Amino acid sequence: VEGFNVFKSSKKALVESVENQKDEEEDKLSKEKKKLNQKLEADAILRKKFNIHVSGNNVASPLKSFAELSSVYGCESYLLRNFAELGFKEPTPIQRQAIPVLLSGRECFACAPTGSGKTLAFVSPMLMKLKHASSEGVRAVILCPTRELAAQTTRECKKLAKGNKFYIKLLTKKLIRSADLSKLPCDILISTPLRLSSAIKKRKLNLSRVEYLVLDESDKLFELGLLKQIDSVVKACSNPSIIRSLFSATLPDSVEELARTIMPDAVRVIIGRKNTASKSINQKLVFAGSEEGKLLALRQSFAEKLNPPVLIFVQSKERAKELYEELKFDNIRASVIHSDLSETQRENIVNDFRAGKTWVLIATDVIARGRSGRAGRSGEAITFYTEDDVPFLRNIANVMAGSGCEVPSWIMALRKLRWKKHRPKRESISTKPNEAED
Ligand SMILES: Nc1ncnc2c1ncn2[C@@H]1O[C@H](COP(=O)(O)OP(=O)(O)OP(=O)(O)O)[C@@H](O)[C@H]1O
């Protein structure tokens with residue numbers, strides 16, 4: 001009987017201890033669930049505050065401050081020191097979300113207005129993950145649509161990496177010709193797709209250890225018809241654990257669909273709306289009777305108020321040259337940049353514009369990308385249009401509306417056209433008699 005009693009009491013004790021264990025587990029589970037819900041709620045509040053929209057599962061929490069890079073992610077002191085030296089007190093919205101996503105090892109489509117700090121958003125996690133310089137070959141690649149932007153991104157990268165001896169290289173024609181790239185110490189390589197794909201073709205580069213691939217201004221990259229070159233770079237970066245990301249001011253559906261074929265699980269991070277101009281721009285539409293009327297209206301607006309720096313985007317390099325010929329004697333310190341100029345000439349023109357030696361820079365849209373004075377940061381954007389341009393106004397209406405600009409309803413009612421396919425043939429801007437007619 002004692003045995004049974006003992007057995008019974010031990011059985012009872014066993015049952016009780018199993019029940020207690022179950023209660024404890026349930027208690028632990030509900031505490032964890034409560035903690036997770038609190039975290040999700042805090043994330044949602046922070047994202048709402050900074051107009052951050054994410055899609056994808058298990059998205060990392062947005063940064064509350066730069067200090068979290070150290071307290072949560074263990075970043076080295078040189079990085080926060082550089083932020084402080086550069087006067088960066090708080091992360092911008094895109095940095096708050098894209099940095100944790102990339103640090104968590106996820107691929108990312110990041111879309112934020114121009115001037116919103118995307119460069120720091122992709123360079124910081126790269127530096128944190130690479131940790132220090134190594135002689136193991138290229139471990140990160142940044143692709144930019146133009147040589148100017150590649151040069152500018154290289155400068156930014158070096159500023160952020162100061163204090164840590166990373167080998168950060170801009171791929172120039174000279175470097176491809178001169179160095180045996182396979183022996184060149186290089187942790188982070190910055191290039192245009194054309195340059196990098198030609199170096200790959202010449203078997204001068206081994207990208208099999210690349211851990212990070214960033215496509216900056218990806219909307220432009222895909223628009224420039226560089227798909228073949230981009231594809232060769234993506235294929236050469238064969239490291240299975242590579243983390244790829246797209247950064248740009250707009251994320252057209254066509255680009256996202258294409259990118260998803262190689263990055264199916266990428267997290268999408270959008271600041272504001274998908275294709276939004278920066279809120280800090282006042283946008284205006286001005287009707288001009290003809291191409292010459294545009295020139296008159298432009299001169300008129302300069303006569304009323306010339307507030308340098310001024311960027312003028314035109315459709316082609318021919319129009320850029322024509323407009324420059326018209327404005328160069330107008331005492332407005334005009335200059336022009338186009339792809340017929342050498343890299344040095346273009347760099348000098350940009351530096352003069354940034355230094356305020358020239359006030360008005362005429363550029364085609366492709367070349368102008370990468371100008372830190374780009375329309376995305378300017379105070380006012382004026383679009384001059386004629387009857388022939390009316391069908392295309394719908395394409396910019398969304399961006400204007402997104403930046404808070406009043407867009408007439410008749411424009412919103414227009415059908416959207418695919419700009420590239422229908423690029424309008426324009427009359428010459430020039431008011432000079434055509435040599436052929438002389
Ligand atoms: N956290 C920050 N706080 C303040 N300024 C910042 C911060 N991050 C970057 N900047 C500054 O903001 C400016 C724009 O940064 P950046 O060029 O990276 O913008 P972007 O979004 O890449 O623009 P774009 O689309 O034109 O390339 C730069 O002068 C940069 O130094």
Side-chain angles (χ1 to χ4, degrees), residues 35-66 68-69 72-75 90-114 116-130 139-144 210-222 230 233-234 237 239-276 402:
K35 210 165 152 221
L36 177 65
N37 287 340
Q38 282 168 344
K39 173 188 152 320
L40 292 175
E41 198 185 330
D43 291 352
I45 291 167
L46 203 55
R47 289 189 182 118
K48 187 165 169 48
K49 178 178 174 187
F50 292 104
N51 214 354
I52 298 170
H53 305 276
V54 295
S55 63
N57 50 7
N58 304 324
V59 178
S61 300
L63 292 175
K64 295 185 190 64
S65 68
F66 276 136
E68 273 192 348
L69 288 179
V72 175
Y73 295 96
C75 95
E90 287 298 322
T92 62
I94 190 62
Q95 293 164 3
R96 287 179 188 276
Q97 187 59 77
I99 293 176
V101 165
L102 289 167
L103 287 175
S104 68
R106 298 291 295 281
E107 298 196 307
C108 179
F109 300 147
C111 178
T114 52
S116 54
K118 291 190 285 295
T119 311
L120 184 149
F122 60 72
V123 169
S124 310
M126 191 183 279
L127 298 174
M128 288 169 68
K129 282 284 190 177
L130 296 183
R139 293 182 291 153
V141 168
I142 302 172
L143 282 186
C144 303
V210 171
E211 300 165 41
Y212 266 96
L213 171 62
V214 175
L215 276 61
D216 188 22
E217 307 282 355
S218 48
D219 50 353
K220 270 285 159 258
L221 280 174
F222 285 104
I230 294 170
V233 172
V234 170
C237 298
N239 179 345
S241 56
I242 190 169
I243 293 174
R244 291 160 296 203
S245 55
L246 270 60
F247 279 77
S248 65
T250 64
L251 183 61
D253 295 342
S254 54
V255 169
E256 183 170 355
E257 277 153 34
L258 191 64
R260 279 226 182 265
T261 56
I262 56 164
M263 301 157 67
D265 188 37
V267 172
R268 191 168 84 173
V269 179
I270 300 209
I271 307 304
R273 288 174 52 189
K274 217 171 146 191
N275 299 326
T276 312

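Note that the coordinates shown come from a computational prediction; the quantities given were computed from them, not determined experimentally.
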Checklist entry - Do Tyr73 and Leu63 pass the side chain to side chain contact (heavy atoms under 4.5 Å, CB included) test, and can you show the C-alpha distance, the side-chain angles, and the key distance before you say yes or no? => result CA-CA 10 Å; Tyr73 295 96; Leu63 292 175; 3.9 Å; yes
Next on the checklist: Using the rule given for side chain to side chain contact (heavy atoms under 4.5 Å, CB included), can you reason through Val210 versus Ile242, listing the C-alpha separation, both sets of side-chain angles and the distance that settles it, and then say yes or no?
Outcome noted: CA-CA 7 Å; Val210 171; Ile242 190 169; 3.9 Å; yes
Checklist entry - Could you go step by step and tell me if Ser116 and Ile271 meet the side chain to side chain contact (heavy atoms under 4.5 Å, CB included) rule? => result CA-CA 9 Å; Ser116 54; Ile271 307 304; over 6 Å; no
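Residues His53 and Asn51 form a side-chain contact, since some pair of their non-hydrogen atoms from C-beta on lies under 4.5 Å apart. The shortest side-chain heavy-atom distance between Leu103 and Leu69 falls under the 4.5 Å cut-off.
Arg96 meets the side chain to side chain donor-acceptor pair (under 3.5 Å) test with Glu90; sequence neighbours excluded. Applying the side chain to side chain donor-acceptor pair (under 3.5 Å) criterion to Thr261, with sequence neighbours excluded, gives no partner residue. Residues satisfying the salt bridge (charged side-chain N to carboxylate O under 4.0 Å, His left out) criterion with Arg47, sequence neighbours excluded, are absent altogether. When the ring-ring contact (aromatic ring centres under 6.0 Å, His included) test is applied to Phe247, the partners found at least two apart in sequence or on another chain are Phe122. Legend: residues meeting salt bridge (charged side-chain N to carboxylate O under 4.0 Å, His left out) with Lys49, ordered by chain and number and at least two apart, are absent. Remark: Ser55 pairs with Arg268 by the side chain to side chain contact (heavy atoms under 4.5 Å, CB included) rule, at least two apart or across chains. Residues passing the side chain to side chain donor-acceptor pair (under 3.5 Å) test with Asn37: none are found, sequence neighbours excluded. Taking the ring-ring contact (aromatic ring centres under 6.0 Å, His included) definition, one finds that Phe222 meets it with nothing, sequence neighbours left out. Evaluation of the salt bridge (charged side-chain N to carboxylate O under 4.0 Å, His left out) rule for Lys64 yields Glu68 as partners, not counting sequence neighbours.
Annotation: the span from Ile99 atom CD1 to Thr92 atom OG1 amounts to 7.5 Å, rounded to 0.5 Å. Atom CD of Glu256 and atom CG of Leu258 lie 11.0 Å apart (nearest 0.5 Å). In this structure, CZ in Arg139 is found 4.5 Å from CG in Leu130, a value given to the nearest 0.5 Å. Residue Leu246 holds its CG atom at 10.0 Å from CG of Leu143, rounded to the nearest 0.5 Å. Taking CG of Asp216 as the reference point, atom SG of Cys144 lies at 5.0 Å (rounded to 0.5 Å). Taking CD of Gln38 as the reference point, atom CD of Glu41 lies at 8.0 Å (rounded to 0.5 Å).
Residue pairs meeting the ring-ring contact (aromatic ring centres under 6.0 Å, His included) criterion with at least one partner in residues 91-110, sequence neighbours excluded, are absent. Residue pairs meeting the salt bridge (Lys or Arg N to Asp or Glu O under 4.0 Å) criterion with at least one partner in residues 97-108, sequence neighbours excluded, are Arg106-Asp265, Glu107-Arg244.
Of all non-hydrogen atoms in Gln97 and Val59, the two that sit nearest each other are NE2-CG1, 3.6 Å. Closest approach of Ile243 and Gly105 over heavy atoms only: CD1-CA, 3.5 Å. In terms of heavy atoms, Met128 sits closest to Cys75 at CE-CB, 3.3 Å. Of all heavy-atom pairs spanning Ala60 and Pro100, the tightest one is CB-O, 3.6 Å.
The main-chain N or O of Ala249 is never found under 3.5 Å from a side-chain atom of Thr114 such that the two would form a donor-acceptor pair. Side-chain atoms of Gln95 come within 3.5 Å of backbone N or O of Gly117 as a donor-acceptor pair. No donor-acceptor pair under 3.5 Å is formed between the side chain of Lys118 and the backbone N or O of Ile94. A distance-only check finds no donor-acceptor pair linking the side chain of Ser124 to the backbone of Ala121 [under 3.5 Å].
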